[in-house]
Amino acid sequence: MKQPLTVLVPCKNEELNLRACIESFYDLADEILIADSGSTDYTREIAGQFDKTRLIEREYRTSGDFKNWAIPQARHEWVLIVDADERITPALAEEMQLELSRGPSCDGYWIYRDNHFMGHPLRYGDARSDKVLRLFHRDKGRYEGPSDHGEVKISTGKVGKLKNRMLHFSVWEYDQFFDKLHRYTSLQAKQWQEQGRDTSYFKLLVRPAFRFFREYILQGAILDGKAGVQTAWLAAFYSFSKQARLWEIKHGRSQSEFEDCTTGIELAELQAEREMEERRRAA
């Protein structure tokens, strides 16, 4: 007899994704728990069109914090977490159905993801080894980690992995990417600042350059064509942005602070220096 399963979908303003997401795992789920963090579109209305769904709501702080709040509210002992931009393939659903029917041998399972960039599949770079721990016993798994990319930790340590992959459509347009970039890098920089960390020339300059080289050349993203060029540069920019935001927090001066400590004489000196520089360039 199959262990009943709650599928947890954390979401906010996912009207474009939610229907296809739910349909991909609908037959597998005994309960669909929609954890909404303040949607202002038709996300909740779409969720209500499926008879297995139950809606819970709370503000969002970080991904791990939000999911840890939602997990204990699942009615069934086994939980599968699916983000709205992910899809469960028929082969993966069948594999999970079999695992839950014969009695799980582990308390948690890694699932590999097939990632897509604006609709183009990514077969190399970091994407080729991307995996997430999403199927687990409700009472034995919780998110841990210092950033918005924390991962589930299983208290018993009994962890396996599934053979089939889920689909992941994380980026459809650059506006979507930069929204995520702002959220992730701001959170990471704030956490580093609280830990007393600081940036350096090496972290600002060398580390992002190596990130591009590793992704594009060593991990083969060059074979993903123009999509691979972009994802490699975006990975490097993500690395740079975290360090730049940390520098901003620790060393950046606000406009009001600058103006408050700048006298009229200093402003005149700055203007004189600027004019001298312009004359040098003109010469």
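A quick note: this is a predicted structure, and the numbers were derived from the prediction, not measured.
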Which distance, rounded to the nearest 0.5 Å, do you find between the CZ of F178 and the CD of E173? 11.5 Å
When you measure from the side chain of D107 to the backbone N and O of T156, does any donor-acceptor pair fall under 3.5 Å? no
What do you reckon, is NE2 of H120 surrounded by more than 12 foreign heavy atoms closer than 6.0 Å? no
Can you get from I111 to L5 by hopping between Ile, Leu, Val, Met, Phe, Trp and Tyr side chains that sit under 4.5 Å apart? yes
To the nearest 0.5 angstrom, please state how far the CH2 atom of W110 sits from the NZ atom of K131. 5.0 Å
Would a distance-only check, ignoring hydrogens and angles, find a side-chain to backbone donor-acceptor pair under 3.5 Å from Q97 to L28? no
For D179, the salt bridge (charged side-chain N to carboxylate O under 4.0 Å, His left out) test, sequence neighbours excluded, returns none
Residues two or more places apart in sequence or in another chain: which of them pass salt bridge (charged side-chain N to carboxylate O under 4.0 Å, His left out) with K161? none
Looking at E86 and R134, does any basic side-chain N land under 4.0 Å from a carboxylate oxygen? yes
So that I can tick it off, tell me whether R280 and E277 are bridged by a salt bridge, with the cut-off set at under 4.0 angstrom between side-chain N and carboxylate O. yes
Which pairs count as ring-ring contact (aromatic ring centres under 6.0 Å, His included) when at least one residue sits in residues 206-227, sequence neighbours excluded? F212-Y216, F212-W233
What one should report as the nearest heavy-atom pair of A29 and V7 is CB-CG2, 3.5 Å
Would you mind reporting whether R87 and E23 have side-chain heavy atoms less than 4.5 Å apart? no
Within the 4.5 Å heavy-atom criterion, are I81 and I71 side-chain neighbours or not? yes
Minimum heavy-atom distance between L133 and G108, given as atom pair plus value: CD2-CA, 4.1 Å
Is the number of heavy atoms from other residues, nucleotides or ligands under 6.0 Å of F50 CZ greater than 12? yes
I want to check something: taking the side chain as every heavy atom from C-beta on, are F240 and L204 in contact at a cut-off of under 4.5 Å? yes
side-chain contact (heavy atoms from CB on, under 4.5 Å) between N17 and T43: does it pass, once the steps are laid out? CA-CA 9 Å; N17 274 316; T43 293; over 6 Å; no
G141 versus V152, closest heavy-atom pair with distance: CA-CG1, 4.0 Å
Applying side-chain hydrogen bond (donor to acceptor under 3.5 Å, both in side chains) to T199 and not counting sequence neighbours gives Q243
Between A127 and L122 the two heavy atoms that sit nearest each other are CB-CB, 3.8 Å
M96 vs L162, side-chain contact (heavy atoms from CB on, under 4.5 Å): CA-CA, chis, key distance, verdict: CA-CA 8 Å; M96 288 190 284; L162 302 179; 3.5 Å; yes
Interatomic spacing from CD in E59 to CH2 in W69 - rounded to 0.5 Å: 10.0 Å
When rounded to the nearest 0.5 Å, the distance separating NZ of K52 from OH of Y26 is 4.5 Å
Taking only residues at least two apart or on different chains, which pairs with a member in residues 218-247 satisfy salt bridge (charged side-chain N to carboxylate O under 4.0 Å, His left out)? R245-E248
For the residue pair F117 and Y174, does the interplanar ring angle fall in the parallel (under 30°), tilted (30 to 60°) or perpendicular (over 60°) class? perpendicular
Do I154 and R142 make a side-chain contact, defined as non-hydrogen atoms from C-beta onward lying under 4.5 Å apart? no
Please report the shortest heavy-atom distance between A236 and P208, naming the atom on each side. CB-O, 3.3 Å
Indicate yes or no: at least one non-hydrogen side-chain atom of I34 is less than 4.5 angstrom from one of I56. no
Can you pull the side chain to side chain donor-acceptor pair (under 3.5 Å) pairs that have at least one residue in residues 30-39, sequence neighbours excluded? K2-D30, T6-E31, E31-R54, D36-S39
Could you list the residues that satisfy side-chain hydrogen bond (donor to acceptor under 3.5 Å, both in side chains) with T40, not counting sequence neighbours? N13
Evaluate L181 against F237 for side-chain contact (heavy atoms from CB on, under 4.5 Å), listing each step before the verdict. CA-CA 9 Å; L181 180 80; F237 184 62; 3.4 Å; yes
Nearest heavy-atom approach of W172 to M118 is O-CG, 3.6 Å
Applying salt bridge (charged side-chain N to carboxylate O under 4.0 Å, His left out), name anything that partners R102, two or more places apart in sequence or on another chain. E99
Are V229 and L218 linked, directly or through other ILVMFWY residues, by side chains that come within less than 4.5 angstrom of each other? yes
Sequence neighbours excluded, the answer for side-chain hydrogen bond (donor to acceptor under 3.5 Å, both in side chains) partners of R211 is D126
Should R113 and D85 count as an ion pair when the cut-off is N to O under 4.0 Å? no
Taking everything shown except K203 itself, do over 12 heavy atoms lie less than 6.0 Å from its NZ? yes
The reported gap from CG in D41 to CG in L18 (rounded to nearest 0.5 angstrom) is 9.0 Å
Do F66 and R61 have side chains that approach each other closer than 4.5 Å (heavy atoms only, starting at C-beta)? no
Would you find more than 12 non-hydrogen atoms of other residues, nucleotides or ligands less than 6.0 Å from E94 atom CD? no
Applying side-chain hydrogen bond (donor to acceptor under 3.5 Å, both in side chains), can you list everything that pairs with R58, at least two apart in sequence or on another chain? D65
Looking only at side chains, do D198 and H251 share a donor and an acceptor under 3.5 Å apart? yes
Check whether more than 12 heavy atoms from other residues, nucleotides or ligands sit under 6.0 Å from atom NZ of K250, and answer yes or no. yes
Can you tell if the side chain of L187 reaches within under 4.5 Å of the side chain of T185, non-hydrogen atoms only? no
R123 atom CZ, neighbour heavy-atom count above 12 within 6.0 Å: no
Show your reasoning for whether side-chain contact (heavy atoms from CB on, under 4.5 Å) applies to Q49 and R19. CA-CA 9 Å; Q49 295 172 7; R19 184 180 303 280; 2.6 Å; yes
Would a distance-only check, ignoring hydrogens and angles, find a side-chain to backbone donor-acceptor pair under 3.5 Å from E215 to G125? no
Excluding sequence neighbours, so at least two apart, what forms salt bridge (charged side-chain N to carboxylate O under 4.0 Å, His left out) with R197? none
Pairwise distance CD(E278) to CE(M276) - rounded to 0.5 angstrom: 12.0 Å
Pairwise side-chain contact, L205 with Y201, heavy-atom cut-off 4.5 Å (strictly under): no
Identify, with sequence neighbours excluded, every residue that meets side chain to side chain contact (heavy atoms under 4.5 Å, CB included) alongside D114. H116, R165, L167
Please state whether the rings of H137 and W78 are parallel, tilted or perpendicular, taking 30° and 60° as the class boundaries. perpendicular
